[in-house]
Asks: 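So that we are looking at the same thing, I have put the structure below in structure tokens.
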Amino acid sequence: MKEKWIEKNITDFVVEPNLLDYSHEYERFDWKDVASAFDGLPSGGLNIAHEAIDRHANGTLAEKVALLWLCEDGHQKKYTFSQMKKESAKFANILSSLGLVKGERVFTLSTRLPELYIAAIGILKNLNVLCPLFSQFGPQPILQRMQRGDAKVLLTTKKLFEKKITPILNELPELLYVLLIDVEEDESTQVLSLPRLMQSASDTFEIPHTQPEDMSILHFTSGTTGMPKGVVHVHKAVYTHWMSGKYALDLHPNDVYWCTADPGWVTGTSYGIITPWIHGVTNIVDEAEFDAARWYKILQDEKVSIWYTAPTAIRRLMRINSQPTKEYDLSHLRLIQSVGEPLNPEAVIWGKEKLKLPIHDNWWQTETGGIMISNLISQTIRPGSMGRPLPGIKAGILRVNDDGSVTEITEANKEGDLALKVGWPSMFRAYLHAQEKYDKSFIGEWYISGDLAYKDEDGYFWFVGRADDIIKTSGHMVGPFEVESTLMEHPAVAEAGVIGKPDEMIGQLVKAFISLKTGFEPSEELKRELIGFGRKKLGTAVAPKEIEFQENLPKTRSGKIMRRLLKAREMGLPEGDTSTLED
Ligand code: ATP
Ligand code: MG
């Protein structure tokens, strides 16, 4: 499996030797030294909001643009660090005046509006816990999460409130207030106008003493493998954000940075809010949903230099037959990073050909709070590999023994459980109301990620699949990613989702669901061709035996292919939790 991609290890992916090469720093990296990157609160302790906004507002970056907001209709709004400090102070004062105390949860349900970003910082300032919801959730998933998360305040818009909250309001007796972003007058004693409150709130707020271990954010996972889990993070996570902002995203003061993830998901908060600001970098937020032409225009017009996106978006761009660098000036772009799902080698190579930059894959989870493994700008990319662990992160491939203990597999190219040595600062501190599940995620000093991977001789990690998705066929273990990536090499294939379908003879049969690129039509002939293509590339044991065309594969709202759903539907079983399923 590995050799195949190494062939494609195009050496010109190596960036010219230059100052970006931090490898010398890796060896002497120590989390203790990261403390010196932070200011610390005047009242003592460590608070994300202070480090991201106030410290810059108090210094030389005060008038620099922190947030460049692109409205769907084409106009823009800019907020400097100084303005962000004041606006977020007002929000913190509002929460405090409403009687909210440390640790109480504030949920957000909003499209990507500036108020959402201001509120996120204000919530952290008042030592409340930020609980982001994805704005496209329906009432039931919202209710489930707000009940589980003990919501005290909800920030939302009038439209979302009427459509999604009104039907469930009676079931949320603990909810004290709803703050509406876009109404001028209060609607009741509990449903309040945010603009009115902001008008009279003071724009100074002294952040109380914050312990690094104080809870900061509660995130719900994507629900790709089952019921979404509530994942608890703390202020100290900012250490990982600083480290990964430096080493994986290569953030420098003059960068213009755009993370396309919605803050309803962990990438959208860790890297769409906190990390760029920790580094004092201008952060672009686009209100609109995906649109290829709009995206290329943003990259061009805003002179984006660092772009953090996801495989699902890249695959959508790949579907369109375009010549982006001929149609747009993308000359400011110097790094593209991607996370969320396996990044097929085809996509890495497409980036190199069409955007004149390879796409750098990185790996992490809601539970890890920040990037753990990444292809660095200064190192050779191995298309199909997730890269190498970042400094301060010890990743290993483990074998779980019969007695439940684990052994690290030191041999190269041997598959096992992808695990992390505990102790990195942004490690999740709990699964909400699920202590047993949390405890089970750890064996000895390792956190077991639930993903399978292997490591090559040079320390690059290669994703095999989620432990739940691994296919056992005729005595072989097959990772769906390998099969999907191979199918995507075929010119007709836009996306592939591969599952193991129970089969009496061979245990599980490899079945591929395929969506086709524009210009290709499903046919029996194409099916045969793809089966033949798979056999030639993968061998008969691993190649799909069945192919089914689907116009769109089922995905989570964060864009991940839901293989468990493909499987349940194939087998006529209940679909399980579908709260995060895309419409
Ligand atoms: P749930 O835990 O609810 O099933 P989820 O695991 O998709 O959902 P997230 O925390 O958003 O929730 O996603 C993390 C997972 O996404 C990883 O465990 C991994 O399976 C997948 N993933 C993320 N980045 C990559 C990557 N670069 N390559 C392969 N897989 C990735
Ligand atoms: Mg998960």
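Ligands are counted one by one from 1 in listed order, and the atoms in each one are counted from 1 as well. Computed over heavy atoms, backbone and side chain alike; hydrogens, waters and symmetry mates excluded. Bear in mind the structure is a predicted one, so any value in this text is a computation, not a measurement.
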Asks: Hey, is the main chain of Tyr460 close enough, under 3.5 Å, to the side chain of Asp458 for a donor-acceptor pair?
Replies: no
Asks: Could you list which atoms of ligand 1 come closer than 4.0 Å to a heavy atom of Lys560?
Replies: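 Every atom of ligand 1 under 4.0 Å from some heavy atom of Lys560: 7 (O), 9 (P), 11 (O), 13 (O), 14 (C), 15 (C), 16 (O).
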Asks: If you measure from the Lys or Arg side-chain nitrogens to the Asp or Glu carboxylate oxygens, is any gap between Lys560 and Glu582 under 4.0 Å?
Replies: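 Not counted as a salt bridge, because no side-chain N and carboxylate O are separated by less than 4.0 Å.
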Asks: Out of Thr556, Thr578, Leu553, which one pairs with Met562 under the side-chain contact (heavy atoms from CB on, under 4.5 Å) rule?
Replies: Thr556
Asks: Looking only at protein heavy atoms, which one is nearest to atom 4 (O) of ligand 1, and how far off is it?
Replies: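 Going atom by atom, the protein heavy atom closest to atom 4 (O) of ligand 1 ends up being Thr225 OG1, 2.3 Å.
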Asks: I want to know if ligand 1 touches Leu343 in the polar sense, i.e. an N/O pair below 3.5 angstrom.
Replies: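 In this structure, Leu343 places no N or O atom under 3.5 Å from an N or O of ligand 1.
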Asks: Between the main-chain N or O of Asp250 and the side-chain N or O of His252, is there a donor-acceptor pair closer than 3.5 Å?
Replies: yes
Asks: So if I count the atoms of ligand 1 from 1 in the order they appear, which ones are less than 4.0 Å from some heavy atom of Asn362?
Replies: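 Matching atoms, with element in brackets: 24 (N), 26 (C), 27 (N).
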Asks: With no hydrogens and no angle check, is any side-chain donor or acceptor of Thr240 less than 3.5 Å from a backbone partner on Ser426?
Replies: yes
Asks: Would a distance-only check, ignoring hydrogens and angles, find a side-chain to backbone donor-acceptor pair under 3.5 Å from Thr221 to Lys229?
Replies: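 Such a contact is found between Thr221 side chain and Lys229 backbone.
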Asks: Students should be able to answer this: which protein heavy-atom is nearest to atom 11 (O) of ligand 1, and at what distance?
Replies: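 Minimum-distance protein heavy atom for atom 11 (O) of ligand 1 reads Ser222 OG, 2.7 Å.
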Asks: Are Asp456 and Arg382 within salt-bridge range, i.e. N to O under 4.0 Å?
Replies: yes
Asks: Give a yes/no on ligand 1: does Gly223 have at least one heavy atom closer than 4.0 angstrom to it?
Replies: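 Per 4.0 Å heavy-atom rule, Gly223 contacts ligand 1.
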Asks: Which of the atoms of ligand 1 are close to Val339, meaning less than 4.0 Å from one of its heavy atoms?
Replies: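 This gives 24 (N) as the contact atoms.
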Asks: List ligand 1 atoms under 4.0 Å from Pro342, heavy atoms only on the residue side.
Replies: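 That gives atoms 28 (N), 29 (C), 30 (N) of ligand 1.
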Asks: Among protein heavy atoms, which lies nearest atom 2 (O) of ligand 1, and at what distance?
Replies: Lys229 NZ, 3.0 Å
Asks: What atoms of ligand 1 come closer than 4.0 angstrom to any heavy atom of Asp361?
Replies: 26 (C), 27 (N)
Asks: Identify, for atom 26 (C) of ligand 1, the protein heavy atom at the shortest distance, and state residue, atom and that distance.
Replies: Glu341 O, 3.3 Å
Asks: Quick check on contacts: which atoms of ligand 1 are under 4.0 angstrom from a heavy atom of Asp451?
Replies: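 Contacts of ligand 1 toward Asp451, numbered from 1: 17 (C), 18 (O), 19 (C), 20 (O).
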Asks: Check this for me: does any side-chain nitrogen of one of Arg315 and Glu341 sit under 4.0 Å from a carboxylate oxygen of the other?
Replies: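 Yes, Arg315 and Glu341 are salt-bridged.
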Asks: Check ligand 1 against Met386 and write out every atom of the ligand that is under 4.0 Å from a heavy-atom position of the residue.
Replies: 28 (N)
Asks: Heavy atoms only: which of Trp363, Trp364, Phe428 lies closest to atom 31 (C) of ligand 1?
Replies: Trp363
Asks: Return the residue, atom name and 0.1 Å-rounded distance of the protein heavy atom closest to atom 22 (N) of ligand 1.
Replies: Gly340 O, 3.4 Å
Asks: For the NZ atom on Lys437, are there more than 12 heavy atoms of other groups (residues, nucleotides or ligands in this structure) within a distance under 6.0 Å?
Replies: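 No, because the 6.0 Å sphere around NZ of Lys437 holds 12 heavy atoms or fewer from other groups.
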Asks: Atom CG of Asp262 and atom CD of Glu289: how far apart are they, to the nearest 0.5 Å?
Replies: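 If I round to the nearest 0.5 Å, the distance is 7.0 Å.
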Asks: Which of the atoms of ligand 1 are close to Thr224, meaning less than 4.0 Å from one of its heavy atoms?
Replies: 1 (P), 3 (O), 4 (O), 5 (P), 7 (O), 8 (O)
Asks: For Val498, does its backbone N or O pair with a side-chain atom of Glu484 as donor and acceptor, under 3.5 Å?
Replies: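 It does hold such a pair.
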Asks: How far is atom 15 (C) of ligand 1 from its nearest protein heavy atom, and which residue and atom name does that atom have?
Replies: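 Ranking protein heavy atoms by distance from atom 15 (C) of ligand 1, first comes Arg466 NH2, 3.4 Å.
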Asks: How far is atom 9 (P) of ligand 1 from the closest protein heavy atom, and which atom is that?
Replies: Thr366 OG1, 3.4 Å
